[in-house]
Amino acid sequence: MRWFADLDQNFAAGEAEHPMLHHHLDHAEALAAALASMKGEGEQRQVADQAADDTERAQALRAQADFAEYAAGAKYELRRVRREIHAQGGFLPDLPATLADVDPDEGYERDTV
């Protein structure tokens with residue numbers, strides 16, 4: 001509970017804890033990774049668009065591609081965790097609109113805000 005209330009950022013769920021807690025911790029990590037990677041991808045796209053020369057543009061495009069690859073992996077992990085939460089009868093946390101493609105319409109019941 002302390003972790004969910006943002007009172008203890010160093011919390012580590014032990015083996016004896018309920019497995020759904022682990023799934024939600026995994027969900028939070030995958031969500032943060034996906035959002036950070038997508039942000040980095042967008043920033044590098046802007047750098048490429050504003051590049052002063054071809055070398056700078058090429059470097060930014062490579063970095064953008066790396067961030068896109070990281071984002072794809074994080075989205076894959078997020079999708080996996082969300083399927084596991086759903087399979088175990090848990091409610092799925094809402095996702096930001098930028099990650100709407102993570103849950104294709106699979107009939108998941110989501111929490112509402």
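Along the sequence shown, residues carry numbers from 1.
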> Going from CZ on Phe67 to NZ on Lys39, what distance comes out if it is rounded to the nearest 0.5 angstrom?
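With rounding to 0.5 Å, CZ (Phe67) is 10.5 Å from NZ (Lys39).
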
> Roughly how far, to the nearest 0.5 Å, is CG of Asp101 from NZ of Lys75?
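The NZ atom of Lys75 sits 3.5 Å away from the CG atom of Asp101.
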
> For His86 versus Leu92, what's the shortest heavy-atom pair and its separation?
N-CD2, 4.1 Å

> Enumerate the residue pairs fulfilling salt bridge (charged side-chain N to carboxylate O under 4.0 Å, His left out) with a member in residues 48-59, sequence neighbours excluded, ordered by first and then second residue.
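Counting only pairs at least two positions apart or across chains, no salt bridge (charged side-chain N to carboxylate O under 4.0 Å, His left out) contact touches residues 48-59.
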
> Counting only N and O atoms by type, is there a donor-acceptor contact under 3.5 Å from the side chain of Arg82 to the main-chain atoms of Pro93?
yes

> Quick one: does His27's side chain get under 4.5 Å of Leu95's, heavy atoms only?
yes

> To the closest 0.5 Å, what do you measure between CD (Glu43) and CE (Met38)?
12.5 Å

> Which is it for Leu61 and Gln44 under the side chain to side chain contact (heavy atoms under 4.5 Å, CB included) test, yes or no, and what are the steps along the way?
CA-CA 7 Å; Leu61 290 174; Gln44 290 303 313; over 6 Å; no

> What is the minimum heavy-atom distance between Tyr70 and Ser37, and which atoms define it?
CB-OG, 3.4 Å

> Quick one: does Leu78's side chain get under 4.5 Å of Asp26's, heavy atoms only?
no

> Mind running salt bridge (Lys or Arg N to Asp or Glu O under 4.0 Å) on Arg45 and Glu41 for me, showing each step along the way?
CA-CA 6 Å; Arg45 186 179 313 113; Glu41 181 182 3; 3.7 Å; yes

> Any side-chain heavy atom of Val81 within less than 4.5 Å of one from Glu77?
yes

> Between Gln50 and Gln46, do the side chains contain an N or O donor and an N or O acceptor separated by less than 3.5 Å?
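Looking only at side-chain atoms, Gln46 and Gln50 do not form any donor-acceptor pair under 3.5 Å.
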
> Does the pair Arg79/Asp103 count as a salt bridge with the N-to-O cut at 4.0 Å?
no

